[in-house]
Amino acid sequence: MSGVSKSDAVESDVVDGGSLGRGFGWLWAAYAVSTFGTRLAFDAFPLIAVVVLDAGPGRVAALAAAGLAVGAVVAVPLGPWVEFRRKRPVMVATDLLRCAVLLSVPLAYAFGRLGFAQLLVVSVVVAAADITFRAAAGSCLKALVPPSGLLAANGRFEATTWTATMLGPPVGGAAIGLFGPVVTVAVDAVSYLLSALGIRAIGGGEPRPRRPRADRLRAGDLLDGWRYVLDSPVLRPLFLNTVLVNGLIMATAPLLAVLMLGELGFAPWQYGLAFAVPCVGGLVGSRLARPLVARFGEHRVLVVSGVLRVCWPVGLAFVGPGTAGLVLVMVVEFGLITSVGVYNPVFATRRLELTPADRVARTLSAWTISGKLTTAALTAVWGLLAGLTGTRTAVALAGAVMLATPLLLPRRDHVPGPAPLEPAGDG
């Protein structure tokens with residue numbers, strides 16, 4: 001093979017042949033089983049709070065907000081800590097931790113000891129462990145997959161996410177109806193155990209990362225992830241855009257539930273159908289991402305899909321009763337989710353490309369923490385706006401704000417970030 005190194009040939013075969021290697025296969029399987037378990041138990045905690053503990057709307061809202069916000073704050077020191085640890089043991093440990101704390105819920109219920117405080121603690125621990133896992137998983141993916149395979153890998157994760165989102169809640173709803181909400185929490189716990197086994201099955205050696213300094217973690221190190229993101233001329237606009245758009249989309253979710261199930265009188269099954277069927281768009285978008293990038297280039301696809309994904313949500317403010325309203329929601333959600341299905345894997349790939357291997361965990365941890373805190377804050381703000389202006393007006397306002405977010409997308413193509421840290425000794 002004249003002029004082509006063995007490693008280059010292997011990389012080409014892996015990507016062009018459709019296989020990203022055995023290690024990625026196990027990582028993907030672990031992600032798939034835990035994601036489906038999470039989607040299966042998506043509404044379990046609010047239902048347990050209402051049905052089992054007789055909690056009112058205020059306590060249910062506090063449960064959701066505290067899990068996001070407190071879990072994110074708890075996870076702040078974990079990003080720098082994970083950076084200089086072997087990633088797969090961290091992923092296995094966080095999976096086992098989530099399994100254990102989730103199993104405590106059905107066990108406490110079985111013995112008549114389940115309380116609201118326990119649900120709150122479990123929500124916080126799961127949220128913090130989820131952030132830590134994501135930070136480690138990004139580094140693991142970058143180590144397992146060659147650069148030319150990152151987009152394909154992220155596309156598969158995106159397709160898996162939307163498949164689980166489409167199938168998980170209906171199956172979970174049926175399971176809750178037959179067996180109660182506690183059972184789906186147990187299934188979610190088992191899914192994390194299976195995920196841990198999948199990660200263990202990756203096999204092979206994983207070198208211990210080397211710290212740039214021999215001293216211990218300092219308080220200033222906690223902000224390293226944010227410093228890197230905000231100093232990068234490409235990551236900074238992506239960060240601001242993505243965090244804001246995702247937060248606004250999530251902030252309107254409870255408002256749409258109130259609008260459709262309350263004011264417009266849709267049945268719960270119609271509401272579920274309106275958001276499950278459009279998830280097919282996520283599969284379509286994730287499959288289109290790679291060929292679109294091959295034809296038009298990564299930067300152009302990122303910007304165009306980033307613009308398209310925010311053109312749809314304002315249409316939800318015009319939903320009315322009956323079949324026409326249901327169809328409108330499905331069309332808007334299909335357009336939104338298809339655009340997101342293209343944007344997300346391209347964005348995730350760009351983020352990994354621009355982040356040196358010795359900063360991935362800190363960067364992803366800072367990104368995820370910011371996203372969760374922003375979502376919690378925007379959800380609270382839009383809840384207040386809905387009380388002041390009405391639900392439909394608040395949904396329209398969120399859509400209008402989103403129309404301005406493309407101004408935050410990067411204007412130029414690939415700009416390299418700061419140089420990687422120089423190793424100086426073991427941590």
Heavy-atom donor-acceptor pair, Arg362 side chain to Gly225 backbone, under 3.5 Å: no
Non-hydrogen side-chain atoms of Val183 and Pro106 separated by less than 4.5 Å: no
4.5 Å side-chain heavy-atom contact, Tyr192 and Thr38: yes
Residues Arg351, Leu238; criterion side-chain contact (heavy atoms from CB on, under 4.5 Å); working and verdict: CA-CA 9 Å; Arg351 183 171 58 183; Leu238 280 178; 5.8 Å; no
Side chains of residues 273-286: which donor-acceptor pairs under 3.5 Å do they make with residues two or more places apart or in other chains?
| residue | atom | partner | partner atom | Å |
| --- | --- | --- | --- | --- |
| Ser286 | OG | Gly282 | O | 3.0 |
| Ser286 | OG | Leu283 | O | 3.0 |

Leu397/Leu385 under side-chain contact (heavy atoms from CB on, under 4.5 Å): CA gap, chis, key distance, verdict: CA-CA 9 Å; Leu397 182 59; Leu385 282 174; 3.7 Å; yes
Any side-chain heavy-atom pair of Cys99 and Leu193 under 4.5 Å: yes
Partners meeting ring-ring contact (aromatic ring centres under 6.0 Å, His included) with Trp367 (sequence neighbours left out): Phe239, Phe347
Thr374 OG1 to Ile369 CD1 distance, which is reported to the nearest 0.5 Å: 11.5 Å
Minimum heavy-atom distance Leu96-Ala196, with the two atoms named: CD2-CB, 4.0 Å
Within-4.5 Å side-chain heavy-atom neighbours: Phe45 and Val105: yes
side-chain contact (heavy atoms from CB on, under 4.5 Å) between Leu20 and Arg156, worked out: CA-CA 11 Å; Leu20 295 173; Arg156 293 177 192 184; 3.9 Å; yes
Minimal non-hydrogen separation, Leu150 against Lys142, with atom names: CD2-CA, 4.4 Å
Derivation of the side-chain contact (heavy atoms from CB on, under 4.5 Å) call for Arg350 and Asn154: CA-CA 10 Å; Arg350 171 62 66 92; Asn154 284 313; over 6 Å; no
For Tyr31, ring-ring contact (aromatic ring centres under 6.0 Å, His included) partners two or more places apart: Phe157
Check: Pro237 main-chain N/O paired with Asn241 side-chain donor or acceptor under 3.5 Å: no
Any donor-acceptor pair under 3.5 Å from Trp382 side chain to Ala394 backbone: yes
Heavy-atom side-chain proximity of Ser104 to Val122 below 4.5 angstrom: yes
Residue of the set Leu167, Thr161, Thr165 for which side-chain contact (heavy atoms from CB on, under 4.5 Å) holds with Thr163: Leu167
Flag, side chain of Thr338 to backbone of Gly335, donor-acceptor distance under 3.5 Å: no
Other residues, nucleotides, ligands: >12 heavy atoms within 6.0 Å of Arg22 CZ: yes
Residues, nucleotides or ligands: over 12 heavy atoms within 6.0 Å of Met250 CE: no
Nearest atoms (heavy-atom pairs only) where Ala128 meets Val74: CB-CG1, 4.0 Å
Heavy-atom closest contact (Ala153 atom, Leu141 atom, distance): CB-CD1, 3.9 Å
4.5 Å side-chain heavy-atom contact, Leu316 and Glu333: yes
Nearest-0.5 Å distance, CG of residue Leu151 to CG of residue Leu352: 11.0 Å
Residues, nucleotides or ligands: over 12 heavy atoms within 6.0 Å of Arg287 CZ: no
Residue from Leu102, Leu119, Leu103 passing side-chain contact (heavy atoms from CB on, under 4.5 Å) with Val185: Leu102
Arg39 side chain vs Pro169 backbone, donor-acceptor pair below 3.5 Å: no
Residue pair Leu308 / Ser339: nearest heavy atoms and the distance that separates them: CB-OG, 3.7 Å
Test item: Ser370 side-chain N/O and Ala366 main-chain N/O as donor-acceptor pair under 3.5 Å: yes
Check: Val342 and Arg309 side chains under 4.5 Å, non-hydrogen atoms: no
Any donor-acceptor N or O pair under 3.5 Å, side chains Thr160, Trp28: yes
Main-chain N/O of Asp188 paired to Ser191 side chain as donor or acceptor, under 3.5 Å: yes
Under 3.5 Å donor-acceptor, Lys372 side chain and Ile131 backbone: no
Crowding at CZ, Arg200 (>12 non-hydrogen neighbours, <6.0 Å): no
Distance-only polar pair, side chains of Thr132 and Trp81, donor-acceptor under 3.5 Å: no
4.5 Å side-chain heavy-atom contact, Leu378 and Leu244: yes
Side-chain H-bond candidate by donor/acceptor type, Glu298 with Thr349, under 3.5 Å: no
Pi-cation contact, Phe133 with Arg98 (under 6.0 Å, within 45°): yes
Exam field: side chain Thr368 to backbone Ser365, donor-acceptor pair closer than 3.5 Å: no
Taking every non-hydrogen atom, the tightest pair across Thr184 and Ala44: OG1-CB, 3.5 Å
